[in-house]
Visitor: 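I have a structure I would like to understand better, so I am pasting it below and will then ask my questions one at a time.
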Amino acid sequence: MGNTVLLNQKNLTQLGDRIPVPTFDRSTLKIGMVHIGVGGFHRAHQAFYTHKLQEKSSAPEWGICGVGLQENDRNIYEVLKKQDNLYTLLVKHPDGKIEPGIIGSIVDFELGFDNPGPVLDRMAHPDTKIVSLTITEGGYNFNPATGEFDFGNPDIQHELKHPDDPRTVYGYLTACLKKRRDARLPPFTIMSCDNMEHNGDVARKMLLSFVKRQDKALANWIEQGVCFPNSMVDRITPVTTQADIAYLEKTYGIKDEWPVTCEPFIQWVIEDKFSNGRPEFEKVGVQFVPDVEPYEKMKLRLLNAGHSVLGILGAVQGYQTINACMEDKIFVAFLRTFMDREATPVLDEVAGIDLGSYKDSLAERFANPNIKDSVSRICSESAAKLPKFLIPTIQENLAGEGSIQFATLVIAAWCYYSDKGINKDGRPLEIIDAMGAELHQAAEKTKTDPLAFIQQESLFGNLAKNERFTTLYTTTLQKIYEDPDIKKQMQDML
Ligand code: CS2
């Protein structure tokens with residue numbers, strides 16, 4: 001290792017002696033993709049695939065411009081600006097090996113928060129062919145109980161009154177699609193990369209509901225011309241820690257303020273439905289299929305739900321990381337039994353995939369000791385996640401005669417977690433949830449009304465009205481409140 005070098009374009013030649021750096025000419029890339037929501041996941045997934053494609057074959061039309069719409073995107077914006085949009089990806093293997101590489105596919109970044117103009121211009125630019133999204137499960141602005149667009153959101157109300165001052169993704173998309181239509185430019189594809197069943201269909205339905213309130217003709221134009229491919233995206237990407245930053249500096253002498261770490265596994269299955277061309281991602285392993293639904297469902301109901309099972313139970317038990325949960329034989333057995341007995345029976349066949357091996361591989365991925373994915377990341381935004389990952393499995397098993405015991409323990413533990421905010425040993429939990437206050441208020445009524453938590457219909461639908469569920473839930477809950485050492489209950493169930 002030589003002296004410490006700041007990560008930026010000018011220093012790339014020097015850094016190239018230390019770790020792999022982009023070999024393609026970033027300066028000539030046009031921006032074909034605008035991505036909203038440049039978190040760790042985008043940088044470990046779509047930007048990584050795009051980087052690989054640039055390395056493999058020339059794809060000059062497909063550079064990425066990152067976009068942040070919220071105040072809390074300012075940090076990443078400032079770091080990436082300083083680093084000429086370069087960052088390091090650290091791929092962490094289970095055997096301890098860490099594979100570093102500098103990713104060069106993001107070539108510009110715009111922040112809309114202070115001034116929406118540059119973001120709108122970029123999205124309305126003739127070179128832009130795809131606008132992709134990782135705005136999180138909660139970012140789609142629909143009421144989970146009805147599945148309809150939530151017009152009650154104050155930002156949406158503001159945008160309806162002031163179309164030139166967008167705040168949410170819907171305001172931005174509408175304003176720039178209008179610009180494109182008025183300029184007689186072709187529309188772009190809107191590509192959702194969030195963990196939701198039918199993510200593209202949901203994005204389409206929500207955007208059209210919003211646009212129809214403003215401009216019916218524009219809604220028609222969007223309906224005719226904008227494609228919204230559904231997709232399944234996968235790569236475990238923990239939160240970057242100070243230790244990752246220090247590792248990079250100490251081991252390679254690279255000063256990168258915001259590297260990304262991830263597991264080696266990566267998968268992207270997309271519906272081949274694009275309005276205005278697409279990168280040849282199949283050259284770098286992306287699968288284009290006519291129907292993504294079975295893949296999405298499999299991943300959400302096994303991987304994401306599996307994560308939540310470990311996360312919620314692990315939080316109450318006092319574990320800090322997902323791999324720590326997987327060092328506990330009871331957690332491993334509980335997870336597998338949940339998957340086999342409850343999640344799998346309500347899944348569809350997935351052509352070419354052996355579910356047994358898929359579940360084995362999930363257990364290996366979760367156990368990767370090098371990843372140290374925090375339980376708090378997994379539990380964050382559970383109110384947006386569980387209605388998509390876990391609750392449908394319970395509802396479908398209730399509709400048949402399926403087992404619901406394992407998932408019910410997780411819901412009961414989530415109530416305890418939201419009520420008490422501490423683990424079994426009384427230590428405070430780090431709870432990050434946009435609905436945190438509502439969850440707490442509902443959960444703390446448990447003492448007087450055991451069903452209070454699950455009566456939140458926007459999350460649980462009609463579970464509180466199902467006797468088989470409420471009977472099991474109430475007894476399970478009572479046991480947790482008597483003794484939050486949740487492992488005992490888990491063990492008794494195996
Ligand atoms: C996780 C996901 O947020 C969560 O709860 O399950 O972020 C998961 O790591 C990714 O979907 C993996 O592809």
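Here the structure is a predicted model, which is why all the values come from computation and not from measurement. Each ligand, and each atom within it, is numbered from 1 in the order the structure gives. We count residues from 1, following the sequence as given.
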Visitor: Decide if the gap between the ring center of F281 and the ring center of F288 is smaller than 6.0 angstrom.
Guide: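 No: the rings miss the under 6.0 Å criterion.
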Visitor: Mark yes or no: R43 above the aromatic ring of Y87, with NZ or CZ under 6.0 Å from the six-membered ring centre and no more than 45 degrees from the axis.
Guide: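 So R43 does make the cation-pi contact.
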Visitor: In chain order, what residues pass the salt bridge (charged side-chain N to carboxylate O under 4.0 Å, His left out) check against E78, with sequence neighbours excluded?
Guide: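 Checked E78 against salt bridge (charged side-chain N to carboxylate O under 4.0 Å, His left out); zero matches.
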Visitor: Salt bridge check, R301 against E197: does any charged N sit closer than 4.0 Å to a carboxylate O?
Guide: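 Answer for the salt bridge query: yes.
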Visitor: Distances for all N or O pairs of ligand 1 and the protein under 3.5 Å?
Guide:
residue  : atom   : partner : partner atom : Å
ligand 1 : 3 (O)  : K385    : NZ           : 2.9
ligand 1 : 5 (O)  : K385    : NZ           : 3.0
ligand 1 : 6 (O)  : N304    : ND2          : 2.9
ligand 1 : 6 (O)  : H307    : ND1          : 2.7
ligand 1 : 7 (O)  : R377    : NH1          : 2.9
ligand 1 : 9 (O)  : R377    : NH2          : 2.8
ligand 1 : 11 (O) : N195    : ND2          : 2.9
ligand 1 : 11 (O) : K299    : NZ           : 2.7
ligand 1 : 11 (O) : N304    : ND2          : 3.0
ligand 1 : 13 (O) : D234    : OD1          : 2.5
ligand 1 : 13 (O) : R235    : N            : 2.9
ligand 1 : 13 (O) : K299    : NZ           : 3.1

Visitor: Any salt bridge between E263 and R365, counting N to O under 4.0 Å?
Guide: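 Salt bridge present between E263 and R365.
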Visitor: Ring centres of F149 and Y170 under 6.0 Å apart?
Guide: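 Yes, ring centres under 6.0 Å apart.
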